[in-house]
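Everything below concerns the one structure shown next.
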Amino acid sequence: MNAGAAVPKKSPTSPAPSDATETVVLGEADVARALTRIAHEILERNKGAQDVVLLGIPTRGVPLALRLADRLAHVEPGLDVESLVGELDVTMYRDDLHKHPTRAIGTTTLPASGIDGKVVVLVDDVLYSGRTIRAALDAINDLGRPRAVQLATLVDRGHRELPIRPDYVGKNLPTSASERVRVRLAEVDSADGAPVTDAVTISQSASGATTEAAR
Ligand SMILES: O=P(O)(O)OC[C@H]1O[C@H](OP(=O)(O)OP(=O)(O)O)[C@H](O)[C@@H]1O
Ligand SMILES: O=c1cc[nH]c(=O)[nH]1
């Protein structure tokens, strides 16, 4: 799939957006293809997954990390998904805690082998200002000393405020600051038992406020 400029399109596998102003930029099949490609890129870059640990950043980075781990294990059948994947809560490391003091603290779970000497691949759904990843790097610093840290994101929407760039990108999605990118994943977004298919949508944020201001 093309990781270049965004071409908004209707996907035959995507759900009808709940908001009429939302444009679907990736449907279920697009998300699956992007993750498969990223899994292969991780294997190529690291010459296998022997020392790789995937750390998903809540909320949606966690199921994405699990899906990537499944794909890595599919390509390298000896791999144990459990020992490949973990979850990294960055809440206490955020630089906007004073603005959002009520953020719930999440869970950090590392694979039994830990992260010392490993190649840690941080996994998130959207990369925007880069502040979440900055917080993740601080969190990792308190947990161990990986050999390297890499970053995988399903969507890079630009507008970086820090010198952070992803190593693996599902889709580069040029946006304006007044737009909102939403990622819906079956694992976390199914409401009241009603299944939701994966989708990435873009819409104008309410009142045209920048996403950062709207948070
Ligand atoms: O690059 P940044 O400007 O930090 O933005 C990207 C982050 O914003 C979203 O998370 P959010 O804080 O909305 O939490 P959520 O994933 O639990 O919805 C998204 O999932 C990324 O983690
Ligand atoms: O548009 C945005 C910006 C940050 N995080 C998101 O999930 N969407």
Side-chain angles (χ1 to χ4, degrees), residues 1-6 25-26 29-58 60-88 90 108-160 162-174 181 183 185 187 198 200:
M1 81 157 261
N2 176 17
V25 286
L26 294 182
D30 303 313
V31 171
R33 267 195 299 274
L35 292 176
T36 299
R37 174 175 51 75
I38 290 173
H40 283 276
E41 289 174 358
I42 290 172
L43 289 170
E44 261 194 59
R45 167 89 71 101
N46 298 295
K47 300 181 171 46
Q50 228 39 59
D51 289 333
V52 169
V53 167
L54 304 170
L55 291 186
I57 299 177
R60 291 170 187 78
V62 176
L64 290 176
L66 276 165
R67 292 190 197 185
L68 284 172
D70 280 340
R71 283 162 166 81
L72 295 181
H74 182 74
V75 180
E76 298 207 340
L79 287 175
D80 169 28
V81 171
E82 295 273 304
S83 63
L84 207 60
V85 72
E87 176 171 346
L88 184 68
V90 304
T108 290
T109 318
L110 299 183
S113 59
I115 59 170
D116 285 337
K118 303 279 185 183
V119 175
V120 168
V121 182
L122 292 170
V123 182
D124 208 351
D125 58 344
V126 178
L127 178 60
Y128 183 42
S129 69
R131 289 176 187 272
T132 299
I133 299 306
R134 201 277 316 149
L137 293 172
D138 270 7
I140 284 176
N141 198 43
D142 279 353
L143 293 168
R145 190 177 187 281
R147 175 153 58 84
V149 181
Q150 301 171 355
L151 172 61
T153 184
L154 182 59
V155 174
D156 181 353
R157 62 163 294 187
H159 301 278
R160 216 76 79 240
L162 297 168
I164 283 170
R165 63 164 180 76
D167 298 276
Y168 313 102
V169 182
K171 181 85 173 170
N172 285 300
L173 189 58
V181 174
V183 174
L185 298 176
E187 296 93 323
D198 301 336
V200 177

In sequence, state the C-alpha distance, the side-chain angles, and the governing distance for Leu54 and Leu72, and then conclude on side chain to side chain contact (heavy atoms under 4.5 Å, CB included). CA-CA 10 Å; Leu54 304 170; Leu72 295 181; 4.0 Å; yes
Please test Asp30 against Lys171 for side chain to side chain contact (heavy atoms under 4.5 Å, CB included), starting from the C-alpha separation and ending with a verdict. CA-CA 9 Å; Asp30 303 313; Lys171 181 85 173 170; over 6 Å; no
Taking it one step at a time, do Ile133 and Thr153 satisfy side chain to side chain contact (heavy atoms under 4.5 Å, CB included)? CA-CA 10 Å; Ile133 299 306; Thr153 184; over 6 Å; no
For Arg160 and Leu127, run side chain to side chain contact (heavy atoms under 4.5 Å, CB included): C-alpha distance rounded to whole Å, both residues' side-chain angles, the deciding distance at 0.1 Å, then the answer. CA-CA 8 Å; Arg160 216 76 79 240; Leu127 178 60; 3.5 Å; yes
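Considering Leu110, Thr109, Val123 in turn, Thr109 is the only one that fulfils the side-chain contact (heavy atoms from CB on, under 4.5 Å) rule with Glu87.
Remark: Asp70 does not engage Arg67 in a salt bridge, criterion side-chain N to carboxylate O under 4.0 Å.
Separation of atoms CD (Glu41) and CD (Glu44) is listed at 7.5 Å; rounding is to 0.5 Å. Interatomic distance, Leu154 CG to Arg60 CZ, rounded to the nearest 0.5 Å: 11.5 Å. Atom CD1 of Ile57 and atom CG of Leu122 lie 5.0 Å apart (nearest 0.5 Å). With rounding to the nearest 0.5 angstrom, the CD1 atom of Ile42 is 9.0 Å from the CG atom of Asp167. To the nearest 0.5 Å, atom CG of residue Leu84 and atom CG of residue Asp51 are 11.0 Å apart. Residue Leu35 holds its CG atom at 11.5 Å from CG of Leu66, rounded to the nearest 0.5 Å.
Of all the heavy atoms in Glu76 and Ala49, the pair that sits closest is OE1-N, 3.4 Å. Here the shortest heavy-atom pairing between Pro146 and Ile140 reads CG-CG2, 3.6 Å. Asp156 and Pro166 get closest at one heavy-atom pair: OD2-CG, 3.6 Å. The two residues Asp116 and Gly144 come nearest to each other via the heavy atoms OD1-CA, 3.2 Å. The shortest non-hydrogen separation linking Gly114 to Lys118 is O-CG, 3.7 Å.
For the pair Leu143 and Leu88, the minimum side-chain heavy-atom distance is below 4.5 Å. For the pair Tyr128 and Val181, the minimum side-chain heavy-atom distance is 4.5 Å or more.
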